[in-house]
Every structure is written in structure tokens, then in C-alpha cells.
Amino acid sequence: MKSAMRTVLARNITVMLAAQVVLWGSSFALLYFLPRFLGSDDFGRLFLALSIKSMLGLLIDFGGNYLIPKEVARSERTGAGILNSYFVLRIVLWVFSIGLIMLISNLMDYTAHIHILILVLAVGKLWEGGSTAIGAYFQGIERMEYPSYGSMAERLFVAVFAIAALLFGADSIGIAVIMTLGGLLNLVVLMIYARPFVQIRVEFDFKVFGLLGSGMSYFLFSLFSVVYYRIDAVMISALTTETVTGWYGGAFRFFDMVMVLPLLFKTAIFPVFSKLWDNEEGTLETTIGESIRLMIIIGLPTSILIYMLASPIIGFFMGLEEFGQAVVILQIFAVSIPIIYVDIILGSALLGAANKQHSWAVVGFLAILINVSANYWMIPYSQDMWGNGGIGAAVATFLTELFVMSTAFVLLPKRYLRTFKQSYLLKPAGVAVMMGFVLMILIWLGLHWMLCAILAGLVYVGGLFLAKTFSAAEVASMKRMASIGALKNLLFNNASPS
């Protein structure tokens, strides 16, 4: 990648990682308190409602999370018009979606408690739609520090007030109200930071109907991907019990947090793919190859660490007495991690650079069919065999992601992968296996699981350097980026509107 592009990308990733430290802290705190204070039943209700809320969000977004940053990256003037049009579009879609989601809730014959949970969270999607639209605009101009500030304000608010509410005896409905207010705070922060960059107006433009066509492919894949990613919660609740849903939700919440790493990178890299869509100077191939390589380097050790430490992780955050059945679910999720990490990059390349939106939407549709079919068979089977339908749902997720990755490699033009070398996979894999053996010894010695994870991580990083995974130029670049001066420059350079 060009030097200027590397600098912008590094700044965005650095800022988002710094913000993510705060977000992770608040998320881990919530993960520790929510299951313990709500119990598996009420936690299962909250997880189900949050999953339905995620699917509702995709209806409201209508592909904007991809279309807005892509168009802004190519033309800020055009992107500003699309942003304002999407505000109107999202309000209309929100009204429609509220009615639809409550109809589905009634048809599923949920309890009154779950009805209220869904309604409270659905109301919050109105201003969350505005937050994601503005965040997508900032993504397009590659200024991800501002969405990071909004997310930090929201997560800190939710963590502090939710934990306080739990200590005073609040149930899942009270937590849902706090989450909804946190989303409103995020929107307020983003609107303040957006003023110097774009004039936000809520006005109706008949051209908004053209967006329905231009965003259809993005919408379809986004909808399909979230449905097959979240439909398992709905199916588990229908085919098993609230307790089993709670087990699955506990494992999924931890699994979902480690998904943040590739999503952060995707957020930073998607505008780069969009700018390089014409592939001048052959920079795109290098960018895609390096991106997949990074996901492999991060994904493999993450998978091994979570798989081998699943029991103490669940024990620490939720308690094995009530959530012990979540351990095997988390282990199955762990096996899926490297595949999902690579899927995220391949999907961004197909949507941002290769312009394969229509084909990718078809892949999303097929993924739904595979996932729903697998869940329909595997959830009851695993429920009958082991009393844990979540096992079947986790296996269905793995099979679906494997299908998505295989299809993505077929769809991606082969020239886009010509810079990817075998060593990009073999060296990290070899070092990860070595790390796994070391981790096994550390566990056998009886060290605390957190210390085991830290020491194993250091072994992995040291092994990467010993195996000469990185070139001399990359090592020199890492040293420069690790300096205090470089970090300050990445975080604060060019902070003014451009």
C-alpha cells in the first residue's frame, strides 16, 4: 500500500483500537454482571430480544452501512446527499419495521416480558439508525475517531448505569431501557462532531427512492448475513427453553466481542477498497493479500486460546454452576473464528472493490437457507442427545461460515489474490500450533487462566518474529509505529476537517 494510505489506515486502526480498550472493558464488565444477576432464563430473554433488534436494524439501515462509506470515499459531495436522504429513508423504514417486528413477536407467541423487551429496544433503533448513518459517513472520509468517541460514550453510560441498576435489582427490561438511552447519547455525540464536516438536514428528496435500487444489493447481503448470524437465537427459543437460550447467549456474547477485531479492520479498510476499485497501479492486490494475512495472524491464536480456555472463561464471567453448558458452545464458536475473520475481509473486497454486490447477495440468501436448515435439524438433535440445543446452533454457524468463505474465494477475481503467499498461512499456523502446546503445559502446571493467556500470547508473538513472518521493512515500520511520537501523530495529525 502507498505510504499515505498506510498512514491513514494505521491512524484509523490505532484510534479504534484505543477506543476498543474502553469498549472491551465495559463489555466484559457487563458480561460479568448480566448473566450472574439476571440468571440464565432472564439473560436468555434479553439475548433473544437483542438478536431480534439486530435483524430489525438491518431493515432500517437498508444497505447504508456499505453504500454511504463507499460513495463518500469516491465523492464526499455525493455522499453528503446520500447521508441526508438516508435519514428520511430510515425514519420511514423504522415505522414500517416496528409494525412488522411486533407482528412477528405476536405470531411467535412470546411472553409479555419479551414483548416489552423487543418494543423498548426497537424504539432505540430510531436514533441508532441515525448514529450508524453518520458513522458510515465518517468511515467514508476515513475519520473513525469520531464514531469511536460516540461508541465510548454509549458503552460507558450503559456499563455504569446497567451495573448500578442490577445491584438495585433491575431485570432485563430495565437493562433494555438503559441500552436505549445509551444509543441516544451516541447520536448526540456524533451530531456534534459532524457539524464541521457535513450539514445534516432531515428533508425529503424524491431521489431517495433511487437509493432503494442502488442500495438493494448491499441491503440484501447485510440482511441475509445478520439473519443467518442471529436467526439461531430465534430458533433456539422456539425449539428449546429460555435456559438453553441463555446458555447459548452467554457463549455468543463472548464470541461476539472477539469479532470486534476484524470488524474494526473492515471498517478502516472498506473505504480503501472502494477508492481502489479501479485497481490502478496494482495496489489493490497487495492490500487484499495483506488484509487476509493479518486476519490469519490474529484469528489463529484467538481461536486456540478461546478453545482451550473456554471452561475458565465461562466460569469467570458467568459461573459454571448455571452456565456450564455454554463451554462446549464457546469451543465450537472458537473453531469458527479464523474462518469468520477471513470472511469479513473477503466480503469487504467483494463489495468495495470487485463490485460483486449482486453475487454476494445471492451468497447471503443461500447462507440463510443453509443456516436455517442446519439449525432446524441440529438444534432438536443436540437437544435430545445432550440436553443442549445450543451445540447444534453453533455447529450450524460453523458450516454456514465455511460455505461463505468457500464461495467468496470462488467469486473474488483470482488476480486479487496473486500477492498472497503460502507463507502467509503456513508460518502463523506453525507458530499457533507451538503456542497451543505451550498453553497446554501452562494449564497443566495450574497457572491462572489469564496468566496462561498472556504467556501464550507472548510466545506466539515471539514465535512470529523468530519464524521471520515479517519482512525487515515491516519490522522497522512496527518499531516506528510503536514509538510515543508516532502514536501521537497517528491519533492527532490532520485532526481538522478536510
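The chain is numbered in sequence order, starting from 1.
Trp449 contributes no side-chain N or O that, together with a main-chain N or O of Ala310, makes up a donor-acceptor pair within less than 3.5 Å. Of the possible polar contacts, none joining the Ser303 side chain to the Leu300 backbone as a donor-acceptor pair under 3.5 Å is found. Side chain of Thr245 to backbone of Gly44: no donor-acceptor contact under 3.5 angstrom is found. For the pair His115 (side chain) and Asn106 (backbone), a donor-acceptor distance under 3.5 Å is absent. With Thr180 contributing its side chain and Val120 its backbone, the two residues share a donor-acceptor pair below 3.5 Å. The backbone N or O of Val244 lies less than 3.5 Å from no partner atom in the side chain of Gln325, so there is not a single donor-acceptor pair.
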Q | Residue pair Phe403, Val363: steps toward the side chain to side chain contact (heavy atoms under 4.5 Å, CB included) verdict | A | CA-CA 9 Å; Phe403 163 78; Val363 172; 4.2 Å; yes

Q) Taking it one step at a time, do Ile391 and Met385 satisfy side chain to side chain contact (heavy atoms under 4.5 Å, CB included)? A) CA-CA 10 Å; Ile391 295 174; Met385 287 292 295; over 6 Å; no

Q. Do Ser131 and Leu187 pass the side chain to side chain contact (heavy atoms under 4.5 Å, CB included) test, and can you show the C-alpha distance, the side-chain angles, and the key distance before you say yes or no?
A. CA-CA 5 Å; Ser131 299; Leu187 176 60; 3.3 Å; yes

Q. Is there a side chain to side chain contact (heavy atoms under 4.5 Å, CB included) between Met318 and Tyr32 once you walk through the steps?
A. CA-CA 6 Å; Met318 305 162 207; Tyr32 183 85; over 6 Å; no

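Pairing each heavy atom of Leu50 with each of Met179, the nearest pair is CD2-SD, 3.9 Å. Contact detail for Thr243 and Ser40: the closest heavy-atom pair is CG2-OG, 3.6 Å. Taking every heavy atom of both residues into account, Ile314 and Ala326 meet most closely at CD1-CB, 4.0 Å. Across Ile163 and Ala29, no two heavy atoms sit closer than the pair CD1-CB, 3.9 Å. Considering all non-hydrogen atoms of both residues, Ser26 and Arg155 come closest at OG-CB, 3.3 Å. The shortest heavy-atom contact between Glu154 and Leu185 is N-CD2, 4.4 Å.
Distance check: Arg36 CZ to Leu31 CG gives 9.5 Å after rounding to the nearest 0.5 Å. Rounded to the nearest 0.5 angstrom, Leu330 CG and Ile313 CD1 are separated by 6.0 Å. Separation of atoms CD1 (Ile236) and CD1 (Ile379) is listed at 4.5 Å; rounding is to 0.5 Å. Put simply, CG on Leu399 and CG on Asn371 are 9.0 Å apart, with the number rounded to the nearest 0.5 Å. Rounded to the nearest 0.5 Å, atoms CD1 (Ile52) and CD1 (Ile231) are 8.5 Å apart. Rounding to the nearest 0.5 Å places CG of Asp256 at 9.0 Å from OG of Ser27.
Taking the side chain as every heavy atom from C-beta outward, Leu48 and Met108 never approach each other to under 4.5 Å. Between Tyr460 and Ile304 there is no side-chain heavy-atom pair separated by less than 4.5 Å. The shortest side-chain heavy-atom distance between Ile114 and Thr111 falls under the 4.5 Å cut-off. Put simply, the side chain of Leu239 does not reach to within 4.5 Å of the side chain of Gln383, judged on heavy atoms. Using a 4.5 Å heavy-atom threshold, the side chains of Ser172 and His113 count as touching. Side-chain contact check for Leu38 versus Leu166: some heavy-atom pair is nearer than 4.5 Å. By the 4.5 Å heavy-atom criterion applied to side chains, Met295 and Asp343 are not counted as neighbours. Put simply, the side chain of Ser311 reaches to within 4.5 Å of the side chain of Leu320, judged on heavy atoms.
Relative orientation of the Phe333 and Phe252 rings is perpendicular, given thresholds of 30° and 60° on the angle between their planes. Relative orientation of the Trp386 and Tyr381 rings is perpendicular, given thresholds of 30° and 60° on the angle between their planes. Relative orientation of the Tyr146 and Phe138 rings is tilted, given thresholds of 30° and 60° on the angle between their planes.
For CZ of Phe28, the number of neighbouring non-hydrogen atoms (other residues, nucleotides, ligands) closer than 6.0 Å is greater than 12.
Ring to ring, Phe37 and Phe43 are not that close: their centroids are 6.0 angstrom or more apart. For Tyr248 and Phe255, the ring centers are positioned 6.0 Å apart or more.
Checking Phe323, Phe317, Phe316 one by one against Phe254, the ring pair (Phe, Tyr, Trp, His ring centres under 6.0 Å) holds for a single residue, Phe317.
The residues Asp42 and Arg45 are annotated as salt-bridged, a charged nitrogen and a carboxylate oxygen being separated by less than 4.0 angstrom.
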